[in-house]
*Asks:* 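Attaching a single structure in structure tokens format; questions to follow.
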Amino acid sequence: MTLLNDFFFILHQELAPDSVKAKITINQHHKIFEGHFPEMTVVPGVCMVQIVLEIMEAVVGKPVRLTESDLKEIESVAELAA
């Protein structure tokens, strides 16, 4: 399932040799939120990771796979979505 241009939209993107920064907006009316705390919307962690993967794929121009992670990386993803 692709989330780009449906669940989230890229407002601005900065590319550097060793990093990518993206400012995004989340569609707060998306169906994902219907079953995920509708009274207090929270972006599911799996969606945060998918957002990062899709931004990376757009930058490199080919599919990417997450093969390893640690908690610090997940916390960074959470900052992106905040």
Side-chain angles (χ1 to χ4, degrees):
M1 171 189 236
T2 300
L3 300 180
L4 181 59
N5 298 323
D6 180 32
F7 179 70
F8 80 99
F9 302 86
I10 299 173
L11 301 177
H12 178 74
Q13 189 170 288
E14 293 178 32
L15 303 177
D18 61 348
S19 67
V20 175
K21 290 184 181 181
K23 183 173 185 174
I24 64 170
T25 186
I26 303 286
N27 174 3
Q28 65 184 10
H29 303 291
H30 196 276
K31 64 183 177 182
I32 285 174
F33 294 120
E34 290 174 7
H36 207 273
F37 309 111
E39 66 282 348
M40 188 170 137
T41 54
V42 174
V43 176
V46 69
C47 292
M48 291 183 209
V49 173
Q50 184 66 27
I51 288 168
V52 171
L53 290 176
E54 290 185 28
I55 291 170
M56 291 172 55
E57 288 177 344
V59 169
V60 300
K62 61 182 180 180
V64 296
R65 260 184 341 140
L66 180 64
T67 58
E68 189 175 316
S69 181
D70 65 29
L71 185 56
K72 288 184 180 185
E73 291 176 14
I74 299 301
E75 288 172 356
S76 296
V77 172
E79 289 177 20
L80 174 71

*Asks:* How long is the gap from CG on N27 to CZ on F8, to the nearest 0.5 Å?
*Replies:*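 If we round to the nearest 0.5 Å, N27:CG and F8:CZ are 12.0 Å apart.
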
*Asks:* List the residues meeting side chain to side chain contact (heavy atoms under 4.5 Å, CB included) with Q28, not counting sequence neighbours, and say none if there are none.
*Replies:* none

*Asks:* Considering residues at least two apart in sequence or located in another chain, which fulfil the ring-ring contact (aromatic ring centres under 6.0 Å, His included) criterion with F7?
*Replies:*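 If we apply the ring-ring contact (aromatic ring centres under 6.0 Å, His included) test to F7, skipping adjacent residues, the hits are H30, F33.
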
*Asks:* Would you give the length of the straight line joining atom NZ of K21 to atom CD of E14, rounded to the nearest 0.5 angstrom?
*Replies:* 6.0 Å

*Asks:* Output a table of donor-acceptor pairs, distance under 3.5 Å, between side-chain atoms of residues 45-65 and any protein atom two or more places apart or on a different chain; print 'none' if there are none.
*Replies:*
| residue | atom | partner | partner atom | Å |
| --- | --- | --- | --- | --- |
| Q50 | NE2 | E54 | OE2 | 2.9 |
| E54 | OE1 | L3 | N | 3.1 |
| E54 | OE1 | L4 | N | 2.7 |
| E54 | OE2 | L3 | N | 2.8 |
| E57 | OE2 | V64 | N | 3.2 |

